Each structure stands twice: as structure tokens, then as C-alpha cells.
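Lettering of chains follows the sequences in order, A, B, ..., and the numbering in each one begins at 1. Values below: every heavy atom of this structure, side chains too, minus hydrogens, waters and symmetry copies. Bear in mind that the values here come from a model prediction, so they are computed numbers and not experimental data.
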Amino acid sequence: MSKTPSDNTFQAIISHAKEYGFVFPSSEIYDGLSAVYDYGPYGSQLKKNIRDYWWMCMTQMNENIVGIDAAIFMHPTTWKASGHVDGFSDPLIDNKDSKKRYRVDHLIEGHAEKLIEKGDAAGAEKIVADMDALLANDDFDGLKKLIEDNKIHCAVSGTGNWTDIRQFNLMFSTELGSVAEDANTIYLRPETAQGIFVNFLNVQKTARMKIPFGIAQTGKAFRNEIVARQFIFRMREFEQMEMQFFIKPGTQKEWYEHWKSERMKWHLSLGITADKYRFHDHVKLAHYADAAVDIEYEFPFGFKEVEGIHSRTDFDLTRHQEFSKKKLQYFDTEINQHYVPYVIETSIGLDRMFLLILSNSYEEETINKEDGTTDSRVVLHLPARIAPNKLAILPLTKKDGLPELAKELMDECKKSFHCFYEEKDAIGKRYRRQDAIGTPFCVTIDHQTKEDGTVTIRYRDSMLQERIELKKVKELVLAHIS
RNA sequence: GCGAAAGUAGCUCAUUUGGUAGAGCACGACCUUGCCAAGGUCGGGGUGGCCGGUUCGAGCCCGGUCUUUCGCUCCA
């Protein structure tokens, strides 16, 4: 049962995902759309199972966490308050020789500092003033001319061989309103968190929550990444599972540690070994955070972030107070005081978690058979509780009344979990097909079943078989998936 | 965005220098069988990513484009 890591593993996983109906390139008949993917029959079920497991662990296992489902569209001012409008729409320029990319304002300001060093303070002041005027008008041609006229060169290549200036805006925009005259630019949310912050008081009051408490949410978010790559790891449309935990100011350190440890426990609860995970502390913090850590997993292409835990302070709620002119405060009856709560955020990418599960489960296994020959199989060791199919029900033959018995079992079990029925092909081949989609259990109905009411149950990972009573099948499977 | 490589059946890949495409597995039907990818017969499936050029003739040569992977870059 050894893993077979190789340069081809990632390619093999992508092929497997497509061949068995987990993930397809989007709009494939039109050549696909860059970095957009669709989830197929088994993929959508697996994704839903991961989401449901997260949701259950958050909202069901924690009495002080409740869920919401906020809209993707939000009032445009939301993104001014959050810092997304101003922070992430900077014009950029590339040097063609060094391939180095600069923020235009950084490049020009750097040049101005050099002028000051040379004693030309007036020249520096003028160029910065010119830049500000051009930036205010979004005059990219003028900015490029400013760079060229002042002979600003790249620090790496030393040349002035520049591309045109481009604006990279992180957020996708569209228009709300029927006609252009009263059209209002609105954005597709680049993170789900803001839907939680703006609903803070609604939730706190209606669910009668007392601090500390959390609000959980899953949903799509959209980021116009300059480069989106590596299969479903970085997509422009993706799904987040976020929980914002509201706490008393000053207690953020302990809650940050609490959630850091709780979230790692969640990952390990899926049976993934600890050596595939590591924490990565942020040195450079985002504008909203006073501490941040990534949970990284060793993908076939290296350790990469799956989840982030951020201590967001009172940044978001305070900003929304300022921009909305509405108080977003909590009255703490223990200390008889109003305050803006601090927030610890846990934010995990569902698509990344999906890829993690797929990467961790995929194995090309070589089997040594009793007669000395070897055989191979591709198996997905999916955790039973999130596998798309839980149980395959296979009559050994399609006659002698075996299909009828199998269908009775099917009817009994399918109300409780996903079952798969098949009578085609030899039994070994049917087992292997289930291995490839990660079904943890197969039961075979044979002639002996008619005599003594027992069946063979076959375990995916060990390939071992044992006879159990037909009527115990359902409870055995349930015991493994709950 | 820059650079490199690739794109032929659902998947993995052949098709030696240009002469209108094949295999294995997979898929469907039937027969034989019946506890770890069994055998047989038959069958479905490809305007060779797409567009254009050169040529009597292009999967193969040339240009463009789309998509993917890798390296830079980017990633609050």
C-alpha cells in the first residue's frame, strides 16, 4: 500500500478526475474557459459531502456558531469599507527585458526618492504631483509618457523598455439596474466574509447570541486573478467556507490559538496524516489582521495553502460603522459595556479541500497475488463519511433470484445513504470500478444468501472480505459514516 | 503577463522522410461464466483542439488562436 509519488501524479489525478466524472473543464466543447471547471456526478457529490461535513462540524457541533447564506451581490460601499476597491486596483507596468512587474505609483515614487537624494527636491515634487493628477484621471498613456520622459529605468535590467500600463482589478464587476443611465456598478464578492460582517447585528439579535459566538457561511466568491492555474487549486470562481468568530477585545490571542488548533483537528479527523500538513505563519500581515496563519498541505506540486486563520481585529466592523453610519456594537452584560467585537476568522477553500482529498486518496496500487503474479488497481481511499457512494450492492449473478434480494437491500439502504447497484461484468471488475470512485464498501449477494441470509462484504482499502448477516449491512455502513 | 513543452476515441498512447487514422483499456448488446480488472462474438465512438497558409494532396510543414502543464511573475 505504498503511495507512488512521481512527476506524473498530478497529471494522473486530473485525468482520473475527468475519466470518472469528478471534474470536467468548463465549456469543453468550446475549447474550455481558462481556469474554470465543472464538477461531475461524483465530484459534485464529493464536494457537497465535504461542505456538509464542515457545516455540521461548525454549526451542529458548536452551540455558539450559527449559519447564514448571504447574497453574492452586495451594496458597492461594502467593498469600499472592506478596502477591496482602493487596495486592489493599482495600475501595473512590466519591464520587457527583466520581466519584472511594478506598481506604477511605486516605480515613480522610487524615482522621486532618488531625485531627492541627488538634491533635486523640486523635480521630485513635480513628478509626484504630475503622477497624482494622471492617476486621478486614470490616464495610463500619460503615466507611461511620464515614465519615459523622465527616463525611469528598471532596477533589474536597467532599461526603459516598458509594456503599456494595465489596470488589474481583483473584483469582477457588472451592472445593477435595467438601463445604463441609472446603472450602478456592483461587484461579485471577492470573499464571503463581508456578508457575515454586515449581518452581524441581525444575526446576534435574532439568534440571541452572546459573545463569544461565530457565524458560518459557505458560498461562491470571485477574484479576477492575473494568473489562475494548477487545475482547481486557483480558480477565478471558487467556493469558500468561512466562519467569523466574534470575541471580546483583548482575548484575540487565546481564540486565535483555539481555532488554529481546532481547525487542524478537523483536517486530521478526515484521516489525513499530520506529516502532510504544516502551519505557515504570515510575516507580512494584511491590512486587517494582527495575526495570520495558513494551514498548508503537501499537494503533488508542493506545500500550498488550504485554509487561513486570521485575527482580523475590529477592522471590518469598525470600517462598516464608519461607512454605513450605523453602530455595530455589542452590549456585554458581564461588564456593562458596549464595544466593537474582535474577530477570529477561519477561511477554507472548498475546491482546494476537494483537491486535497483527491490528492491524498489517489493511489496506483500494485497487488501481489497468491500465485506470484502482480496486478494493479487505481483506488481512491476517500474517507467513508465523504465518499460519493457509500455502498455498492452486487448480485453475484443476474439470475436465481439474486438481483431481487439485492434490490431489497438497495431499497432498505438508499433512504439512509448513497448506494450503487450493478449486475454487469465479473465481480472482480465491479469491485475495481468501485475502487476507482472511492466506494468504501461492496456487498455481494450470492447463492448462500438465499440459504442463510449472509452476504460477503468487501472492504475497499484492505480488499479483505468477510461474511456478515444481510440485515447487519445497513448498520455497519452507518457506523462507519456517522 | 513572459518563457518552455504539449493537444490524435471517454483514458493512456501509436501512426519512420506529407498520400484522407490504429491499438490497449473503457463503453453498449449477446453467449459462456461466477468472489478481485475472465473468455468469445458483434457494435457505437475521431471534420487529428480551432482558423488560415503552402501543396495535386496536411494529423505531419508554416502562421495565428484557444486550452493544459511546468518555470518566472502575481496571489490583500
Side-chain angles (χ1 to χ4, degrees), chain A residues 7-8 10-12 14-21 24-37 40 79 82-90 92-103 156 163-164 166 168 170-171 190-191 193 223-231 233-234 236 282 284-289 292 294 300-302 304-305 308 310 312 315 347 367 369-370 375-379 394-400 402 423-436 442-448 455-460 462-467:
Chain A
D7 294 342
N8 299 323
F10 188 42
Q11 256 327 316
I14 296 170
S15 297
H16 191 84
K18 189 188 170 202
E19 185 171 4
Y20 288 93
F24 310 123
S26 163
S27 330
E28 198 184 7
I29 61 169
Y30 293 108
D31 285 337
L33 184 62
S34 180
V36 183
Y37 292 90
W79 308 112
S82 70
H84 286 83
V85 170
D86 296 327
F88 309 100
S89 57
D90 306 301
L92 301 172
I93 191 166
D94 292 3
N95 183 275
K96 288 180 185 170
D97 299 313
S98 67
K99 314 297 182 198
K100 181 109 179 93
R101 173 168 294 155
Y102 296 89
R103 268 174 63 169
V156 177
T163 63
D164 284 340
R166 280 165 304 217
F168 292 99
L170 173 90
M171 291 191 289
E191 64 175 18
R223 293 180 198 181
N224 200 3
E225 303 277 2
I226 298 164
V227 178
R229 274 210 306 224
Q230 283 166 319
F231 194 41
F233 184 80
R234 176 169 286 117
R236 297 196 170 93
H282 285 213
K284 203 176 80 183
L285 294 170
H287 59 271
Y288 53 70
D294 291 340
F301 43 86
K304 297 280 180 185
E305 176 190 358
H310 304 125
R312 290 182 81 129
F315 175 85
S347 174
I367 303 155
K369 296 206 286 192
E370 287 175 10
D375 196 3
S376 68
R377 66 167 182 162
V378 173
V379 52
L394 315 168
L396 191 58
T397 77
K398 23 181 133 161
K399 48 189 190 220
D400 303 330
L402 302 187
E423 52 188 50
K424 191 179 139 44
D425 289 323
I427 195 69
K429 189 173 247 182
R430 283 181 266 167
Y431 286 156
R432 298 300 172 86
R433 272 200 283 262
Q434 294 306 309
D435 289 342
C442 295
V443 295
T444 301
I445 313 289
D446 59 15
H447 295 90
Q448 195 185 329
V455 296
T456 304
I457 186 156
R458 181 263 194 188
Y459 300 98
R460 176 196 63 203
S462 62
M463 296 175 75
L464 293 175
Q465 316 188 95
E466 60 180 335
R467 283 203 85 83

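Annotation: side-chain contact (heavy atoms from CB on, under 4.5 Å) contacts of A:Q230 (sequence neighbours excluded): A:F233, A:F301, A:K304. Partners of A:R433 according to the salt bridge (charged side-chain N to carboxylate O under 4.0 Å, His left out) rule, which considers only residues two or more places apart in sequence or in another chain, are A:E422, A:D425.
Remark: the separation of the P atoms in B:C66 and B:C50 is 15 Å, to the nearest Å. Taking the C1' atoms as reference points, B:A21 lies 8 Å from B:G59, given to the whole Å. Taking atom P in both B:G71 and B:U54, the straight-line distance is 40 Å, to the nearest Å. Here, B:U73 and B:A37 have their C1' atoms 45 Å apart, quoted to the whole Å. B:G44 and B:C30 are spaced 15 Å apart, taking the C1' atom of each and rounding to whole Å. With both ends at atom C1', the span from B:U15 to B:G52 equals 25 Å, rounded to whole Å.
Ion pairing of A:K18 with A:E28 is present here, as a side-chain N (NZ or NE/NH1/NH2) and a carboxylate O approach within less than 4.0 Å.
Side-chain contact check for A:L170 versus A:N224: every heavy-atom pair is 4.5 Å or farther apart. For the pair A:R223 and A:E191, the minimum side-chain heavy-atom distance is below 4.5 Å. Here the side chains of A:H447 and A:L402 are in contact, with some heavy-atom distance below 4.5 Å. In this structure, A:Y459 and A:C442 have side chains that are not in contact, with every pair of non-hydrogen atoms separated by 4.5 Å or more.
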- Query: Given A:R458 and A:D435, is the salt bridge (Lys or Arg N to Asp or Glu O under 4.0 Å) satisfied, shown in steps?
  - Reply: CA-CA 11 Å; A:R458 181 263 194 188; A:D435 289 342; 2.7 Å; yes
- Test salt bridge (Lys or Arg N to Asp or Glu O under 4.0 Å) applied to A:K429 and A:E423, step by step: CA-CA 11 Å; A:K429 189 173 247 182; A:E423 52 188 50; over 6 Å; no
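Close placement of the A:Y37 and A:F231 rings is indicated, their centers lying within 6.0 Å of each other.
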Distances under 3.5 Å only, N/O to N/O: pair up the protein atoms with those of nucleotides 44-46 of chain B.
none

Between N or O atoms, less than 3.5 Å apart, protein on one side and nucleotides 65-69 of chain B on the other: list the pairs.
residue, atom, partner, partner atom, Å
B:U67, OP1, A:S34, N, 3.4
B:U67, O4', A:D31, O, 3.3
B:U68, OP1, A:A35, N, 2.6
B:U68, OP2, A:S34, OG, 3.3
B:U69, OP1, A:F231, N, 2.5

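In this structure, A:E19 atom CD and B:U12 atom P are separated by 7 Å, rounded to whole Å.
In terms of heavy atoms, A:S34 sits closest to A:R236 at O-NH1, 3.6 Å. Of all the heavy atoms in A:T444 and A:V455, the pair that sits closest is O-CB, 3.5 Å.
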- Annotated protein contacts, base or backbone, on nucleotides 34-43 of chain B with a non-hydrogen cut-off under 4.0 Å, one of B, S, - each: BBBBB-----
- Message: In dot-bracket form, 5' to 3', how is RNA chain B paired? Count Watson-Crick and G-U wobble pairs only if both distances fall under 3.5 Å, and write | where the partner sits on another strand.
- Response: (((((((..((((.....[..)))).(((((.......))))).....(((((..]....))))))))))))....
